[in-house]
Amino acid sequence: MHDAIVRPMVKKLWLMKSEPDVYGIDELAAKKRGTWEGVRNYQARNYLREMAEGDLFLFHHSNAKPSGVVGIGSIVRTAYTDPFQFDPKSEYYDPKSPKDAPRWSAVDVGFVEKFRETISLETMKADPELEGMIILARGTRLSVTPVEPTHFERILRLAKGKTRLSRSG
DNA sequence: GCCAACGTTGGC
DNA sequence: GCCAACGTTGGC
């Protein structure tokens, strides 16, 4: 497509949190593709709506041992109406969401990579190069956040370091 | 399981 | 439209 050639490819980078008991990297790795539904926070939703096909995200496990970044995913379908908001049986049901102007969005995600080891919050907090990451700010509960390219690359570097270590040792 | 931090709700 | 009460998130 002419557009694709002319338009510069600008990938945005994100971090998305999930509890592994609810939806984890292993499930995405097994199925290769999944739906990121159930976001019920307006700011997080707005970030979902900014996502483009091909964007990459750090897959973060929360309420885990340890919590931290466990791998990489990609956006394979941009934001669409999260069907669970209209399902009374779903825990994500939102009776106040207007049918003609749905409140909540979902995106579809693809598996890219699972790290051999979790890059734990402890590791991330101790790393000066990761200073300023939203996830590391005190009291941040936002489940979808943008990530600076330098931070994203640093995480990848840490992950590769761990890979090398675990292979040689 | 505790609890700090934060978002949302609803009374006024 | 303020703000106290309540619910939720999520690290620890």
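Lettering of chains follows the sequences in order, A, B, ..., and the numbering in each one begins at 1.
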(message) Can you tell me how far apart CG (A:N63) and CD (A:E19) are? Round to the nearest 0.5 Å.
(response)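 One finds 4.0 Å between CG of A:N63 and CD of A:E19.
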
(message) Is the shortest side-chain heavy-atom distance between A:Y42 and A:W104 below 4.5 Å?
(response)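 They are in side-chain contact.
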
(request) Tell me, yes or no, whether the heavy-atom count around A:E122 atom CD, taken from other residues, nucleotides or ligands under 6.0 Å, exceeds 12. (result)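 For A:E122, atom CD is not crowded (no more than 12 foreign heavy atoms under 6.0 Å).
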
(request) Have a look at A:W36 and tell me which of A:F57, A:F84, A:W14, A:Y92 forms a ring-ring contact (aromatic ring centres under 6.0 Å, His included) with it. (result)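 Only one of A:F57, A:F84, A:W14, A:Y92 forms a ring-ring contact (aromatic ring centres under 6.0 Å, His included) with A:W36, namely A:F57.
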
(message) Starting from A:I134, can I reach A:L121 by hopping between I/L/V/M/F/W/Y residues whose side chains sit under 4.5 Å apart?
(response)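 A:L121 and A:I134: separate clusters.
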
(request) Identify whether A:Y23 and A:V144 are in the same connected component of the hydrophobic contact network (ILVMFWY, side-chain heavy atoms under 4.5 Å). (result)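 Linked, A:Y23 and A:V144 end up in one cluster.
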
(request) Please say which of A:R45, A:R40, A:R103 ends up in a salt bridge (charged side-chain N to carboxylate O under 4.0 Å, His left out) with A:D82. (result)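 Going through A:R45, A:R40, A:R103 one by one, the salt bridge (charged side-chain N to carboxylate O under 4.0 Å, His left out) with A:D82 is satisfied by A:R40 alone.
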
(request) Quick one, give me the B/S/- string for nucleotides 1-12 of chain C, reading 5' to 3', where B means a protein heavy atom under 4.0 Å from the base and S means that only happens at the primed atoms, P, OP1 or OP2. (result) ------BBBBBS

(message) When you compare the side chains of A:T35 and A:D108, does any donor N or O come within less than 3.5 Å of an acceptor on the partner?
(response)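 Per modelled atom types, A:T35 and A:D108 side chains form a pair under 3.5 Å.
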
(request) Quantify the bending of the helix from B:dG1-C:dC12 to B:dC12-C:dG1 as the angle between its end axes, each fitted on five pairs, to 10°. (result)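 Angle reported: 10°, given to the nearest ten degrees.
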
(request) Looking at every strand, decide which applies to A:K96 at a 4.0 Å heavy-atom threshold: base, sugar-phosphate, or nothing. (result)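 Sugar-phosphate, no base atom in range.
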
